Amino acid sequence: MYGKQIEKYFEHYNLELKVHKTKIGEKAKTIPTFLSIVDSMTEFGIYRKEPVLVVGGGLVTDVAGFACAAYRRNTNFIRVPTTVIGLIDASVSIKVAVNYGNYKNRLGAYHAPMHTFLDFTFLRTLPKAQIRNGFAELIKISSCSHLATFDLLDKYCEELINTGFGRADGAADEVRDAADKINREGIHEMLKLETPNLHEIGLDRVIAYGHTWSPLHELVPETPLRHGHAISIDMAYSATLANCRKLLSDAEHRRILNLFSRAGLSMDHHQFDEEILDKGTAAILKTRDGKLRAAVPNPLGSCTFLNDVDHAELTAALRRHKEIMKDYPRNGEGLEAFVDASDTGYTDNNQSEVEALETAAEEAGNLNGSMDGTKVVHGGHVIDGSVDGLNGHADGVNGHANGMNGHVKDDSDIIKEKKLANGLAKGLTNGVNGFTNGAKA
């Protein structure tokens, strides 16, 4: 829909542009999708050290990143995440993968991007269901590692979700300031936790809270659960398990559950049953070298790993959890919990929305001291690098979290252009795309 605008940008810098567009939902996070990207890379004629520019949500960056890891054993890529999960969680990790069989991320690699550019203005137009989906990742990080961030999520929950983390028109400055602090602290905490263990040599991982049973359960429903809802079910159940062990007080337990409920995130699902619990346990024991290593809050804001939980205790906790869920709306099931077209990044915008976004991009550029010039809009998202605190370096993951102004691209496009390694430094810092102190590649 916005191909002409983005083409003008690359034409302005005499960069050859070739595009691979892909729709990636959980059921398309597969080897055939991976191979379609590889085929395009061959067709494009990528040079050995030439980077691929990957723009999209976490699913897109996962699959395209894996294609780059496999292509000639090591092809460079630059990552521009466009969703909450992509910005907060996937942006820090160097893991790339596809699903295989009924298992999440069964085939993959560790492959760091050259750079990662973060811009939370993408959230301005992200559907509310996707904002909610990513909110779960922030609960994950904060409830096991950063209580102050959990407190802010608890205080501003509804406002954050309804305003796209303070990016929507009319959002209160107080909410945007809180969102910026949450985002900075969330990313910083992820960096602290992940940087020493990027290749997961250590298997006791705080950020694996919510990822013990969810990798199997997420793909069990005929229409898969959104990732945030799947891990929320796992986190809520794990919190109940911790409460049964007196590791989490009754007040803290209810506080966590209440936040999930207020956010519209799932805490239970009718197919999260004893059979799935058993199968999920068996699968994760193989992944975690024979130990459960279930991360649980103890107390809220800190983490303990459980290894000595037997079948009887797990199922007793599950029965109690389902009884508790009767106190909550929809018996603990979430809002918009299942994947839909927005998960592929192909939701359409009408022309009036496009014009509004272009105006917002211009205003954001003016507020941030950007140069005059044509803004580029694509796929309903505008990037302006307006969160100064997020414009620092993320050295721990071999990438930079620098701001980008005005550059816009569809959530699920993968852009590759000739001479990007040399041209990006100029292209991201000058002229028509409204950059000021953008990103030196």
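Note that the structure is a prediction, hence the values are computed from the model and not measured. Each residue takes its place number in the sequence, starting with 1.
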Hey, does [Y] have a side-chain heavy atom less than 4.5 Å from the side chain of [X]?
X	Y	value
Phe135	Cys157	yes
Asn298	Leu248	no
Leu160	Ile182	yes
Phe305	Cys303	yes
His229	Phe338	no
His111	Ile94	no
Asn105	Val98	no
Asn76	Cys68	no

First locate atom [atom1] of [X], then atom [atom2] of [Y], and finally report the distance between them rounded to the nearest 0.5 Å.
X	Y	atom1	atom2	answer
Leu335	Leu265	CG	CG	8.5 Å
Ser232	Arg132	OG	CZ	10.5 Å
Gln130	Thr82	CD	OG1	9.0 Å
Ile231	Ile207	CD1	CD1	10.5 Å
His321	Asp268	NE2	CG	5.0 Å
Leu300	Ile256	CG	CD1	5.0 Å

* To do: For side-chain contact (heavy atoms from CB on, under 4.5 Å), just list the numbers for Leu241 and Leu314, CA-CA rounded to whole Å, side-chain angles, deciding distance to a tenth of an Å, and then say yes or no.
  => CA-CA 7 Å; Leu241 178 61; Leu314 288 173; 4.0 Å; yes
Tell me if the [atom1] atom of [X] is crowded by more than 12 foreign heavy atoms within 6.0 Å.
X	atom1	answer
Asp310	CG	yes
Tyr100	OH	no
His188	NE2	no
Asn102	CG	no

Can a side-chain donor-acceptor contact be found between [Y] and [X] if the only test is distance below 3.5 angstrom?
X	Y	answer
Thr212	Arg288	yes
Asn243	Arg254	no
Lys128	Asn162	yes
Asp89	Ser93	no

Where the side chain of [X] meets the backbone of [Y], is there a donor-acceptor pair that is under 3.5 Å apart?
X	Y	result
Arg79	Ala90	yes
His269	Gln271	yes
Thr163	Glu159	yes
Ser36	Thr33	yes

Residues [X], [Y]: salt bridge by 4.0 Å N-O rule:
X	Y	result
Asp204	Lys291	no
Lys192	Glu189	yes
Arg226	Glu26	no
Lys322	Asp273	no
Lys95	Asp62	no
Arg255	Asp250	no
Lys279	Glu275	yes
Arg262	Asp154	yes

Do you know which two heavy atoms are closest between [X] and [Y], and how far apart they sit?
X	Y	answer
Leu203	Thr287	CD1-O, 4.4 Å
Tyr209	Ala239	OH-CB, 3.9 Å
Leu153	Ile139	CD1-N, 3.9 Å
Ile131	Gly164	CD1-CA, 3.9 Å
Arg176	Gly166	CD-O, 3.7 Å
Tyr237	Ala317	CE1-C, 3.7 Å

* Output all residues satisfying ring pair (Phe, Tyr, Trp, His ring centres under 6.0 Å) with Tyr328, sequence neighbours left out; order by chain, then residue number. => none
* To do: Tell me, with the steps shown, if Ile324 and His253 meet side-chain contact (heavy atoms from CB on, under 4.5 Å).
  => CA-CA 11 Å; Ile324 293 171; His253 181 214; 3.7 Å; yes
* Do the ring planes of His217 and Phe272 sit parallel (below 30°), tilted (30 to 60°) or perpendicular (above 60°)? -> tilted
* To do: Apply side-chain contact (heavy atoms from CB on, under 4.5 Å) to the pair Val55 and Val60, showing each step before the final yes or no.
  => CA-CA 7 Å; Val55 185; Val60 172; over 6 Å; no
* Under 6.0 Å between ring centres, would you say that holds for His211 and His227? -> yes
* **Val19 and Lys21: CA distance, side-chain angles, deciding distance, side-chain contact (heavy atoms from CB on, under 4.5 Å) verdict** => CA-CA 6 Å; Val19 177; Lys21 295 186 74 171; 3.7 Å; yes
* Find out whether the Lys NZ or Arg CZ of Arg167 is both under 6.0 angstrom from the six-membered ring centre of Phe165 and within 45° of the ring's axis. => no
